[in-house]
Amino acid sequence: MIALDTSKQAELEKIKKYREAIKQADRVKDKEYEARLDVCRACEKLIDGTCLACGCYVELRAAVKISHCPKKKW
């Protein structure tokens, strides 16, 4: 297993905290969330969790019901 440097680990924790702060009613179900992330992971515009098409953190965008992929992939 590769150890994450502390700054990267802190960034991931911050994203997790923000994702958990999204109201349950505004979130997609876990299955849809994972499907959206799978699409993002396969996209050439994803670099280190950031979408180069719009600049968002895909973990946050994928979690919200009203969000959509800027490349219209989901």
Nearest 0.5 Å please: distance from the NZ atom of K29 over to the NZ atom of K65. 7.0 Å
Qualifying residues under salt bridge (Lys or Arg N to Asp or Glu O under 4.0 Å), relative to E44, sequence neighbours excluded: K73
Return the SG to NZ distance between C40 and K71, rounded to the nearest 0.5 Å. 12.5 Å
Distance from E59 atom CD to T50 atom OG1, nearest 0.5 Å? 8.0 Å
Side-chain heavy atoms under 4.5 angstrom apart, residues restricted to Ile, Leu, Val, Met, Phe, Trp, Tyr: same cluster for I66 and I22? yes
Would you give the length of the straight line joining atom CG of L46 to atom OH of Y57, rounded to the nearest 0.5 angstrom? 12.0 Å
N-O pairing of E32 and R36 below 4.0 Å: yes
Spatial distance of atom CZ (R19) from atom OH (Y33) [nearest 0.5 Å]: 3.5 Å
With rounding to the nearest 0.5 Å, note down the distance linking NZ in K45 to SG in C69. 11.0 Å
Could you walk me through whether V58 and L37 satisfy the side chain to side chain contact (heavy atoms under 4.5 Å, CB included) test, starting with their C-alpha distance in whole Å, then the side-chain angles of each, then the deciding distance to 0.1 Å, before giving a yes or no? CA-CA 7 Å; V58 296; L37 287 181; 4.1 Å; yes
Checking side chain to side chain contact (heavy atoms under 4.5 Å, CB included) for the pair E13/Y18: CA distance, chi angles, key distance, verdict? CA-CA 9 Å; E13 287 297 318; Y18 281 115; over 6 Å; no
